[in-house]
Amino acid sequence: MKPFTYEAPADALAAVRAVAANPSSAFLGGGTNLVDHLKLGVAQPDLLVDVTSLTSAEITDRPDGGLSIGAAVRNSDLAADRRVRKRFPVLAQALLSGATGQLRNMATTGGNPLQRTRCVYFQDVTTPCNKREPGSGCSAIGGYTRYHAILGASEHCIATHPSDLAVALAALDAEVHVLGPGGERTIPFTELHRLPGDRPEKDTVLDHGELITAIDVPPLPLARNSRYRKVRDRASYAFALVSVAAAAEVRDGTISDIRLAFGGVAHKPWRAYRAEEVLRGRESTEDNFRAAAEAELRDARTDEGNAFKVPLLTRTLVSVLKEVCA
């Protein structure tokens, strides 16, 4: 591990300024992803700025009926919150499907969506990786692709985003509050992450030094009827091959409103707008569920290693929709 300087500023703005002033610096929250990368040599910052106690660790009710979740709220606390379980069960289910109890006790709401890909080539510093070293090449293309993207990938990167929480937040129309050197701004969660394009090293639209301070989940009545389903190679501590977050409102057998997002298939949490459009106003039948999957996966690009994800995601979506649209 490369030696680094550690700082613990007195407030969030001081932390932001410290990171913004040093291109080779990073924020340190729960550290469940960053510490792994420090050990592997994937991350080699000169400076770590501790923000563990600088943002809120509270979950508060918003006047409109939504929730405001402080960036320092631990994943285990968020999953256990009665308001979350009642109003946004998809959120609790997504959190409980990730990592282990010990890691959920450390991981934070602000940090979890920013975890980096678990691509084996990204984590192996002996192999070329455009995300780790821009311009070096993508070893996954033509390599081992079981866990890799089928949607939104580019010739520069086919890695997938690993966060389960992020998939649920994308489905719930969440918003991210950010503090930077120039002040505060709010970003729709679906716009926080980037597709790789020709700059796969940049995971999000955040500028260096910008810090997530809170995530708001708006009032969404249909979210009370929501599910998260994760398909993986083993029952625990494994990343998604595919996952589905779904919330639906059904009236007299017709889907009046719906939200869908997928995980394990793209460089970012994939909001399934095409599938939503197909289903909204249609009868809740298996044929319509399959038509929605077909529409969303129309542009899927696969190879021998990950082609199984198309039928797997289709079956998973159909199964979840049978539950939420029953």
Side-chain angles (χ1 to χ4, degrees), residues 33 36-37 40 42 97-98 115-164 166-167 170 190 193-204 228-235 237-246 260-275 278 289-320:
N33 189 212
D36 284 344
H37 289 165
L40 292 169
V42 172
S97 72
Q115 62 183 296
R116 308 206 70 190
T117 183
R118 302 303 172 122
C119 172
V120 293
Y121 301 105
F122 174 73
Q123 294 187 316
D124 182 355
V125 296
T126 68
T127 62
C129 171
N130 285 323
K131 181 175 284 294
R132 184 170 19 83
E133 295 182 32
S136 63
C138 177
S139 297
I141 296 176
Y144 181 75
T145 59
R146 180 171 175 77
Y147 291 92
H148 287 76
I150 60 173
L151 294 169
S154 75
E155 62 182 4
H156 301 284
C157 182
I158 60 171
T160 54
H161 187 75
S163 171
D164 296 294
V167 179
T190 52
H193 299 89
R194 298 178 63 258
L195 292 178
D198 59 2
R199 291 201 62 194
E201 74 279 6
K202 188 169 174 57
D203 293 337
T204 71
Y228 185 76
R229 181 77 55 80
K230 179 178 181 177
V231 182
R232 47 190 164 178
D233 280 331
R234 56 180 184 268
Y237 201 56
F239 298 98
L241 293 169
V242 301
S243 66
V244 172
L260 295 170
F262 301 154
V265 294
H267 200 258
K268 61 181 288 183
W270 188 267
R271 180 66 180 267
Y273 291 112
R274 285 182 181 174
V278 167
F289 300 159
R290 292 188 178 279
E294 182 180 347
E296 196 63 51
L297 294 170
R298 185 181 304 137
D299 297 330
R301 297 175 60 185
T302 66
D303 64 17
E304 184 178 355
N306 62 13
F308 73 95
K309 287 191 175 188
V310 172
L312 179 61
L313 181 57
T314 299
R315 291 194 299 269
T316 304
L317 178 61
V318 170
S319 177
V320 172

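Bear in mind the structure is a predicted one, so any value in this text is a computation, not a measurement. Just so you know, these numbers use all the heavy atoms, side chains as well, and skip hydrogens, waters and symmetry mates.
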- request: Verify the neighbour count for atom CZ of Arg301: are there more than 12 heavy atoms of other residues, nucleotides or ligands below 6.0 Å?
  value: no

message: The criterion is ring pair (Phe, Tyr, Trp, His ring centres under 6.0 Å); which residues satisfy it with Tyr121, sequence neighbours excluded?
response: none

- prompt: Can you name the ring pair (Phe, Tyr, Trp, His ring centres under 6.0 Å) partners of His193, sequence neighbours left out?
  reply: His161, Phe189

Counterpart residues, side chain to side chain contact (heavy atoms under 4.5 Å, CB included), relative to [X] (two or more places apart):
{"X": "Asp299", "answer": "Arg274"}
{"X": "Gln123", "answer": "His37, Leu40, Arg118"}
{"X": "Pro128", "answer": "Ser136, Ser139"}
{"X": "Ala153", "answer": "Ala149, Ile158"}

Quick one: closest heavy-atom pair of [X] and [Y], and the distance?
{"X": "Asp164", "Y": "Lys230", "value": "OD2-NZ, 2.9 Å"}
{"X": "Thr314", "Y": "Arg290", "value": "CG2-NH1, 3.8 Å"}
{"X": "Ala238", "Y": "Arg232", "value": "O-CD, 3.6 Å"}
{"X": "Ala295", "Y": "Val278", "value": "CB-CG2, 3.7 Å"}
{"X": "Leu317", "Y": "Phe289", "value": "CD2-O, 4.3 Å"}
{"X": "Ala246", "Y": "Leu260", "value": "CB-CD2, 3.5 Å"}

Say whether, by atom type as modelled, one donor and one acceptor occur between the side chain of [X] and the main chain of [Y] under 3.5 angstrom.
{"X": "Ser319", "Y": "Arg315", "result": "no"}
{"X": "Asn33", "Y": "Arg116", "result": "yes"}
{"X": "Arg132", "Y": "Val42", "result": "no"}
{"X": "Asn130", "Y": "Gly137", "result": "yes"}
{"X": "Lys131", "Y": "Pro200", "result": "yes"}
{"X": "Lys309", "Y": "Tyr147", "result": "yes"}

message: Under a 4.0 Å threshold between the charged nitrogen and the carboxylate oxygen, would Glu201 count as salt-bridged to Arg199?
response: yes

What distance do [X] atom [atom1] and [Y] atom [atom2] have between them, rounded to the nearest 0.5 Å?
{"X": "Thr316", "Y": "Arg229", "atom1": "OG1", "atom2": "CZ", "answer": "7.5 Å"}
{"X": "Lys268", "Y": "Phe262", "atom1": "NZ", "atom2": "CZ", "answer": "14.0 Å"}
{"X": "Ser163", "Y": "Phe239", "atom1": "OG", "atom2": "CZ", "answer": "9.5 Å"}
{"X": "Asp203", "Y": "Gln115", "atom1": "CG", "atom2": "CD", "answer": "10.5 Å"}
{"X": "Ser243", "Y": "Trp270", "atom1": "OG", "atom2": "CH2", "answer": "14.0 Å"}
{"X": "Ile141", "Y": "Asp303", "atom1": "CD1", "atom2": "CG", "answer": "9.5 Å"}

- request: Please assess Arg146 against Leu241 for the test side-chain contact (heavy atoms from CB on, under 4.5 Å), listing each intermediate value before the final yes or no.
  value: CA-CA 8 Å; Arg146 180 171 175 77; Leu241 293 169; 3.8 Å; yes

